[in-house]
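Data block below; observations after.
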Amino acid sequence: MRHGMERPRPSSLDEALERAARLADEGRWDEAVRLLAEQEQAHPHDATLLAMLGVAARELGAEGLAYDLFRRAWAEHPEDPTVLLAIGAGLAALDDPDAEAALRAAALLAPQDAQPHLVYGSYLRREGQLESALDQLERAHALEPESSLVLTELGCALWAAGRMSEAAEAWAAAAALDPAEPRPLVLYGLLRWEQGEYEEAAASFLAAAARAPEDGELQLLAALAAAAQGWGEPAEQAWERAERLAPVTVDAAWLLETEDLLADATAARQWLDETAVPAVRHRYLEPAFW
């Protein structure tokens, strides 16, 4: 996380923040937390420090501590848009209504930065404020037209607004821009599945599964979608990958429920309609920031 200069701070604190940011970039969150916690003793009102510590605490699963830190950071009335963005995203993840004000402030203070518009727009979409969400996400897209993530989130808002063909176009473009990212392909497949275009949906799920071979849930989704089309070999291969990944990234109960469905296209489609598609839809429509 970058940090601003809302108030003069000792060089020792600046150095600690820079060091913590490097640790975070390397995924060494426990070390980052220890370093920031030491500084928090001496600087309990520094919003940048508190926000960074909140982000690190969330990464380690300490949701209660993170929430307290984000609330304290917000109470310091920060003006740095990067800090506001971290606070807003943290509060949004914990369903605090002040998230909206923090994210709105970040977008207003950084009008030429796509990230605040992206996160604020995704938050508004989640809250059902679709007109405002689309405005923010279209601003983000104008600022970063080649961003796969922006296009993916814009597609989610377009889908929620009933603009299906535009959502599909956004996800297809997002998938092309980032050949390693499965999410736009999954969303595209979910849209086609709900439209009854099962063959196109199954092809999209299989392509997404190829991008994420360690995602057991996605392998199982692809397996059953292929089975529903009568594609025996791809279905078996994807199901076997899912089986190898249980119970780490796929529910073992799902595997037990579906083992006998690979040879029954009608039953496979029914299980997808009733169980997998609703669950996966919820997972993949959740904004990517919290």
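Position 1 is the first residue of the sequence; numbering continues from there. Bear in mind the structure is a predicted one, so any value in this text is a computation, not a measurement.
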If we only count heavy atoms from C-beta on, is the [X] to [Y] side-chain gap below 4.5 Å?
X: E217; Y: T249; value: no
X: R183; Y: L149; value: yes
X: L36; Y: L17; value: yes
X: H117; Y: E138; value: no
X: R192; Y: Q195; value: yes
X: W29; Y: V55; value: yes

Determine the minimum heavy-atom distance between [X] and [Y], stating which atoms define it.
X: C156; Y: L285; answer: SG-CD2, 3.7 Å
X: F70; Y: A51; answer: CE2-O, 3.6 Å
X: A20; Y: M52; answer: CB-CE, 4.1 Å
X: F205; Y: A225; answer: CD1-CB, 3.6 Å
X: L218; Y: A208; answer: CD2-O, 3.6 Å
X: P179; Y: R211; answer: O-NE, 3.0 Å

* Asked: Do Y123 and Q129 have side-chain N/O donor and acceptor atoms under 3.5 Å apart?
  ->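 No donor-acceptor contact under 3.5 Å links the two side chains.
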* Verify the distance criterion only: is there a donor paired with an acceptor across the side chains of S122 and E153 at less than 3.5 Å? =>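 E153 and S122 do have a side-chain donor-acceptor pair below 3.5 Å.
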* Charged N to carboxylate O below 4.0 Å: is that the case for D135 and R139? ->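 A salt bridge links D135 with R139.
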* To do: Give a yes or no on whether a salt bridge exists between D98 and R71, defined as a side-chain N under 4.0 angstrom from a carboxylate O.
  =>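 Yes, D98 and R71 are salt-bridged.
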* Straight-line distance of E131 CD to Q136 CD, nearest 0.5 Å ->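 Interatomic distance, E131 CD to Q136 CD, rounded to 0.5 Å: 12.0 Å.
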* To do: Nearest 0.5 Å please: distance from the OG1 atom of T258 over to the CG atom of D264.
  =>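 Interatomic distance, T258 OG1 to D264 CG, rounded to 0.5 Å: 12.5 Å.
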* Honestly curious: do V250 and W271 fall in one hydrophobic cluster under the side-chain, below-4.5 Å linking rule? ->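 Yes.
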Any side-chain to backbone donor/acceptor pair from [X] onto [Y]? Under 3.5 Å, distance only.
X: R125; Y: L137; answer: no
X: R72; Y: P44; answer: yes
X: Q219; Y: A209; answer: yes

* Should the pair Y198 and W193 be assigned to parallel (<30°), tilted (30 to 60°) or perpendicular (>60°) ring geometry? ->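 Geometry flag for W193 against Y198: perpendicular rings.
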* For E286 and R126, run salt bridge (Lys or Arg N to Asp or Glu O under 4.0 Å): C-alpha distance rounded to whole Å, both residues' side-chain angles, the deciding distance at 0.1 Å, then the answer. => CA-CA 7 Å; E286 184 70 7; R126 190 187 74 168; 3.8 Å; yes
